[in-house]
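Beneath this line is the structure, given in structure tokens, with notes to follow.
Residues: numbered from 1 along the sequence shown.
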Amino acid sequence: EDDALLVVNKPAGMVVHPACGHWDATLVNALLYHCGQLSGAGGTIRPGIVHRLDKETSGLLVVAKRDDVHSVLAGQLAARQIIRQYVAVVWGRLTPDTGSIIAPIGRHPVDRKRMAVVAEGQGRAAITHYRVTERFRWCSLLDLRLETGRTHQIRVHLAHLGHPVFGDATYGGRMKRVGGLSPADRRLATDLLEHLPRQALHAAHLRFCHPLTGETLAFTAPLPDDMAQTLDRLRKND
């Protein structure tokens, strides 16, 4: 934190900004209490918010305190100069080891609370780069980098590939995936899901240029306990 901005490691379960059904106990509420004022460029509902994380996604985001700082950071984001890297556990053994998911994202045609990969011209361009860092019998650990920042982008793209994020109830990553496993793996997966009530997705790395000093700032947030414990058990049982 300095006079221009803050970088926050948001816990899973916290909503970033007030919205219908979540007017209190948001990250914005906490930050306004902490520092008194944030940039007004995001409007009265989203002061200071340059980019968001889903409620049940943990990890790093940058928040602007001043309008001029917010403008520069928003420009860096639009120019794809802010580097956002994530860690995720996904169902299945994703191949090849590295790749890019290039598929437009728009509102789901039936369920308007969800997003979906849509036909060209019907959504917004979306690009996610991934690398497999570890494989288990029935799931994979990925590093992911966002080139664009669409709503639910990583979750939608991975579900589109048939490898939804482990624990993601909205995009098919919970109990219905358990049925195809062996009895032993089914027991393990069921137990892991009971102890991980959210998607196994964490914004682990963030890098950008400070709008006032020009310094390159890089931050890393370690895996939260729920994801770290999930990986420990996967490794012990692989």
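Side-chain contact, N29 with T26: a donor N or O sits under 3.5 Å from an acceptor N or O. If you check the side chains of T133 and D143, you find no donor sitting under 3.5 Å from an acceptor. Judged by distance alone, the side chains of R198 and S58 do bring a donor and an acceptor atom under 3.5 Å apart.
Looking at R137 and D185, a side-chain N of the basic residue comes within less than 4.0 Å of a carboxylate O on the acidic one, giving a salt bridge. Classification of K113 and D111 as a salt-bridged pair fails, no side-chain N sitting under 4.0 Å from a carboxylate O.
L38 and P47 get closest at one heavy-atom pair: CD1-O, 3.4 Å. Looking at every heavy atom in both residues, A203 comes nearest to A221 through O-CB, 4.2 Å. When every heavy atom of R135 is checked against every heavy atom of S140, the shortest pair comes out as NH1-OG, 4.0 Å. When every heavy atom of P104 is checked against every heavy atom of E120, the shortest pair comes out as CD-OE2, 3.7 Å. When all heavy atoms are compared, the tightest approach of G214 to C209 is O-SG, 3.2 Å. Here the shortest heavy-atom pairing between V69 and A64 reads CG1-CB, 4.2 Å.
Under a 3.5 Å cut-off, the side chain of R84 and the backbone N or O of L146 do not form any donor-acceptor pair. A donor-acceptor pair is defined here as one N or O able to donate and one able to accept, closer than 3.5 Å; no such pair exists between the side chain of T128 and the backbone of I154. The backbone N or O of A169 sits nowhere less than 3.5 Å from a side-chain atom of Q199 that would complete a donor-acceptor pair. Checked by atom type and distance alone, the side chain of D2 pairs as donor or acceptor with a backbone atom of L5 at under 3.5 Å. Using a distance-only test at 3.5 Å, with no hydrogens or angles considered, a donor-acceptor pair links the side chain of E56 to the main chain of G13. A donor-acceptor pair is defined here as one N or O able to donate and one able to accept, closer than 3.5 Å; such a pair exists between the side chain of N237 and the backbone of R233. Proximity of a side-chain donor or acceptor of S71 to a complementary backbone N or O of D67 within less than 3.5 Å is not detected. Put simply, the side chain of H202 never gets that close to the backbone of L60: no donor and acceptor are under 3.5 Å apart. A donor-acceptor pair under 3.5 Å is formed between the side chain of R174 and the backbone N or O of G167. A donor-acceptor pair is defined here as one N or O able to donate and one able to accept, closer than 3.5 Å; such a pair exists between the side chain of Q153 and the backbone of R150.
Between L193 and F166 there is a side-chain heavy-atom pair separated by less than 4.5 Å. Between P164 and V90 the shortest side-chain heavy-atom distance does not fall below 4.5 Å. Side-chain atoms of L141 and V132, non-hydrogen and from C-beta on, never get closer than 4.5 Å to each other. Under the 4.5 Å side-chain criterion, counting only non-hydrogen atoms from C-beta, C139 is in contact with L234. V62 is not listed as a side-chain neighbour of L6, based on a closest heavy-atom distance of 4.5 Å or more. The side-chain heavy atoms of L53 and L201, taken from C-beta on, include no pair separated by under 4.5 Å. Counting only heavy atoms from C-beta outward, the side chains of E1 and K65 approach each other to under 4.5 Å. Inter-residue side-chain proximity for V87 and L142 is flagged as unmet; no heavy-atom pair is nearer than 4.5 Å.
Note that OG1 of T57 is 7.5 Å distant from OH of Y86, once rounded to the nearest 0.5 Å. In this structure, CZ on F208 lies 12.0 Å from CD1 on I83, to the nearest 0.5 angstrom. In this structure, CD1 on I49 lies 9.5 Å from OG on S39, to the nearest 0.5 angstrom. Summarising the geometry, atom CG belonging to D97 is positioned 9.5 Å from atom CZ belonging to R131; distances are rounded to the nearest 0.5 Å. In this structure, H163 NE2 and W91 CH2 are separated by 12.5 Å, a value rounded to the nearest 0.5 Å. Taking CE from M14 and CG from L27, the interatomic distance works out to 6.0 Å, rounded to the nearest 0.5 Å.
Heavy atoms of other residues, nucleotides or ligands lying less than 6.0 angstrom from CZ of R207 number 12 at most. More than 12 non-hydrogen atoms from other residues, nucleotides or ligands lie less than 6.0 angstrom from CD of E194. Heavy-atom contacts from other residues, nucleotides or ligands closer than 6.0 Å to CZ of R124 number 12 or fewer. Under a cut-off of 6.0 angstrom, the local environment of NE2 in H205 is crowded, with over 12 non-hydrogen atoms contributed by other residues, nucleotides or ligands. Atom CD of Q37 is surrounded by 12 or fewer heavy atoms from other residues, nucleotides or ligands within 6.0 Å.
L144 and V89 are not part of a single hydrophobic cluster, where members link through side-chain heavy atoms under 4.5 Å apart. L61 and V50 fall into different hydrophobic clusters, where Ile, Leu, Val, Met, Phe, Trp and Tyr residues are linked whenever their side-chain heavy atoms come under 4.5 Å apart, directly or through other members. Note: the hydrophobic cluster containing L32 does not contain V7 (ILVMFWY, side chain heavy atoms under 4.5 Å, direct or indirect links). One hydrophobic cluster, built from ILVMFWY side chains closer than 4.5 Å, holds both L192 and L181. Clustering ILVMFWY residues whenever any of their side-chain heavy atoms sit less than 4.5 angstrom apart, transitively, puts V165 in a cluster other than the one holding L223.
In this pair, H152 and Y171 present their aromatic rings perpendicular. The plane angle is above 60°, beyond the 30 to 60° band.
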Check against side chain to side chain contact (heavy atoms under 4.5 Å, CB included), I105 and T151: CA-CA 8 Å; I105 291 175; T151 301; over 6 Å; no

Step by step, would you call H210 with L73 a side chain to side chain contact (heavy atoms under 4.5 Å, CB included)? CA-CA 8 Å; H210 194 290; L73 288 172; over 6 Å; no

Test side chain to side chain contact (heavy atoms under 4.5 Å, CB included) applied to T170 and R114, step by step: CA-CA 7 Å; T170 302; R114 297 171 59 198; 3.7 Å; yes

Report the C-alpha distance between I101 and I127 in whole Å, list the side-chain angles of each, state the deciding distance to 0.1 Å, and finish with yes or no for side chain to side chain contact (heavy atoms under 4.5 Å, CB included). CA-CA 6 Å; I101 309 167; I127 302 172; over 6 Å; no

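Partners of R80 according to the salt bridge (Lys or Arg N to Asp or Glu O under 4.0 Å) rule, which considers only residues two or more places apart in sequence or in another chain, are E147. For K10, there are no salt bridge (Lys or Arg N to Asp or Glu O under 4.0 Å) partners at least two apart in sequence or on another chain. Contacts of S100 classified as side-chain hydrogen bond (donor to acceptor under 3.5 Å, both in side chains), with partners at least two apart in sequence or in another chain: H129.
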